[in-house]
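Reviewing the structure listed below.
Both backbone and side-chain heavy atoms feed into the values below; hydrogens, waters and symmetry mates do not. In this chain, numbering begins with 1 at the start of the sequence shown.
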Amino acid sequence: MFSLLVNIPANAKWSQNGVTVAGGHGYGGATNQLWGPYGLFVDDDQTVIIADFGNHRIMQWKNGDTTNGQVVAGGNGAGRGLHQLYLPTDVVIDKETDSLIICDENNRRVVRWSRRSGTTQGEILIDKIACWGLAMDEQRYLYVSDYVQSEVRRYQLGEKNGTLVAGGNVIGAGLNQLNGPRDLFVDRQQNVYVSDFYNNRVMKWVKGAKEGIVVAGGQGAGSSLTKLYYPLGLFVDSVGTLYVVDSWNYRVMRWTQGDKKEGTIIAGGNGTGAGANQFNYPVGLSFDRHGNLYVVDSNNNRVQRFSIEKDC
């Protein structure tokens, strides 16, 4: 995930009922469907790019067209071919080359697909990696979480080994450890935020640090406002406020800087379900440049948009 430098007012509120902007027609492989979607990337023009996990493809849904998406990578069944993906979990756009960088999770690789029309296959950037989350900073360094090694590495595009930037000290709950890291966010200072899945916390690793700082959760699994339960998607706005998908609590939370003890619920938190104010295993999130919130509601096979209230 890469910051669009979104300025969100401190007193911002979002509509509690989401509007489906992608999927929402049950699970399946048609162009109006998603199947267990995971990561997403919202472009400057509110185009939504989604890792359509169960369909082994990346889908693009243009703003205003909520009826059908288009396949922009994969979609040729599960497999190891360069024209295929196998359970992709995340996607970012590399604007410099107008290409998609994809975590092709079950193939244990990171691949790049051009966004130019006529592209029929990708190229392997990094191989033999249990990748889950991706982020790209303003210098075009790529950050990849490895949930088996419990570490995050930073890569110059074309580099194979990368530099360790978080975790990497075997699995654990210490400040220098991670346990099953998933989603990533990198800010303008190259600070790395990691959803530390099995530790039920979000960690911030300042550039060059040997240890991380707990910025949300870290009090064990639970549903109180001080806790997270399997955190996933992350976003950090221009003033350092953290937004995190609290997947097993079926909610999205906001944690402001300076108050690390508890967060506030900004969407969901109404139990599991398929209502407009509910989620069934939310996994990814992002914002557009207007401050509208997008949430991947995986088990409902849809992406929901929650509009920012205009009077804040």
Side-chain angles (χ1 to χ4, degrees), residues 1-15 21 39-49 63 90-96 101 133-143 145 152 154 165-166 182-196 201-209 212-217 228 231-246 251-267 282 284-296 303-312:
M1 190 49 67
F2 168 66
S3 172
L4 293 166
L5 303 179
V6 177
N7 296 302
I8 297 174
N11 62 340
K13 288 189 168 50
W14 288 263
S15 57
V21 294
L40 86 163
F41 187 100
V42 180
D43 205 355
D44 297 335
D45 60 1
Q46 296 176 291
T47 296
V48 180
I49 315 276
N63 179 31
D90 208 0
V91 56
V92 295
I93 294 175
D94 176 15
K95 293 203 162 69
E96 193 86 7
I101 296 178
L134 301 172
M136 184 175 267
D137 68 21
E138 289 181 321
Q139 281 76 49
R140 292 182 69 231
Y141 282 102
L142 181 67
Y143 298 73
S145 67
V152 180
R154 181 181 67 226
V165 293
R182 293 296 198 269
D183 291 86
L184 301 174
F185 191 93
V186 180
D187 67 16
R188 298 191 85 176
Q189 289 74 46
Q190 295 183 313
N191 300 315
V192 180
Y193 294 79
V194 187
S195 53
D196 192 8
R201 66 188 184 183
V202 177
M203 301 293 288
K204 175 184 179 181
W205 291 65
V206 174
K207 186 182 181 184
I213 306 156
V214 181
V215 290
L228 296 169
L232 284 168
L234 300 175
F235 193 93
V236 180
D237 68 18
S238 57
V239 296
T241 300
L242 168 73
Y243 302 82
V244 56
V245 172
D246 190 9
R251 65 192 184 187
V252 176
M253 297 191 75
R254 172 177 175 149
W255 298 67
T256 54
Q257 279 210 325
D259 179 20
K260 305 296 187 290
K261 295 294 176 278
E262 70 176 43
T264 54
I265 301 167
I266 63 166
L285 93 165
S286 190
F287 289 86
D288 63 27
R289 56 200 170 90
H290 306 292
N292 302 310
L293 167 68
Y294 296 73
V295 182
V296 181
V303 176
Q304 298 288 89
R305 182 173 65 209
F306 297 83
S307 300
I308 191 166
E309 304 284 356
K310 294 290 180 246
D311 56 349
C312 56

Intermediate values then yes/no, salt bridge (Lys or Arg N to Asp or Glu O under 4.0 Å), R182 and D90: CA-CA 10 Å; R182 293 296 198 269; D90 208 0; over 6 Å; no

Pair Y143-D137, side-chain contact (heavy atoms from CB on, under 4.5 Å): steps then yes or no: CA-CA 8 Å; Y143 298 73; D137 68 21; 2.7 Å; yes

Evaluation steps, side-chain contact (heavy atoms from CB on, under 4.5 Å), between V21 and Q46: CA-CA 10 Å; V21 294; Q46 296 176 291; over 6 Å; no

Worked check of side-chain contact (heavy atoms from CB on, under 4.5 Å) between I266 and K13: CA-CA 7 Å; I266 63 166; K13 288 189 168 50; over 6 Å; no

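Residues V244 and W255 are in side-chain contact: their nearest non-hydrogen atoms beyond the backbone lie under 4.5 Å apart. Between M203 and V214, some side-chain heavy-atom pair lies under the 4.5 Å cut-off.
Note that the CZ atom of F235 and the OH atom of Y294 stand 11.5 Å from one another [nearest 0.5 Å]. Note that the CZ atom of R254 and the OG1 atom of T241 stand 5.0 Å from one another [nearest 0.5 Å]. A distance of 5.0 Å separates CZ in F287 from CH2 in W14, rounded to the nearest 0.5 Å. Here the straight-line distance linking atom CG of L242 with atom OG1 of T256 works out to 9.5 Å at 0.5 Å rounding. Note that the CD1 atom of I93 and the CD1 atom of I49 stand 4.5 Å from one another [nearest 0.5 Å]. Taking OG from S195 and CG from D183, the interatomic distance works out to 4.5 Å, rounded to the nearest 0.5 Å.
A donor-acceptor pair is defined here as one N or O able to donate and one able to accept, closer than 3.5 Å; such a pair exists between the side chain of D237 and the backbone of G240. Judged by distance alone, with hydrogens and angles left aside, the side-chain atoms of D45 form a donor-acceptor pair with the main-chain N or O of T47 at under 3.5 Å.
The two residues S15 and F306 have their closest heavy-atom pair at O-CD2, 3.2 Å. Scanning both residues, L234 and Y193, for their nearest heavy atoms gives CD1-O, 3.5 Å. When all heavy atoms of V186 and A135 are compared, the pair lying nearest together is CG2-CB, 3.7 Å. When every heavy atom of V6 is checked against every heavy atom of I8, the shortest pair comes out as CG1-CG1, 3.4 Å. Contact detail for V295 and P282: the closest heavy-atom pair is CG1-CB, 4.0 Å. Pairing each heavy atom of I308 with each of H290, the nearest pair is CG2-O, 3.5 Å.
Of the listed residues (R154, E138, K207), just one forms a side chain to side chain donor-acceptor pair (under 3.5 Å) with Q190, and that residue is K207.
Salt bridge status for D44 with R289: absent, with no side-chain N to carboxylate O gap under 4.0 Å.
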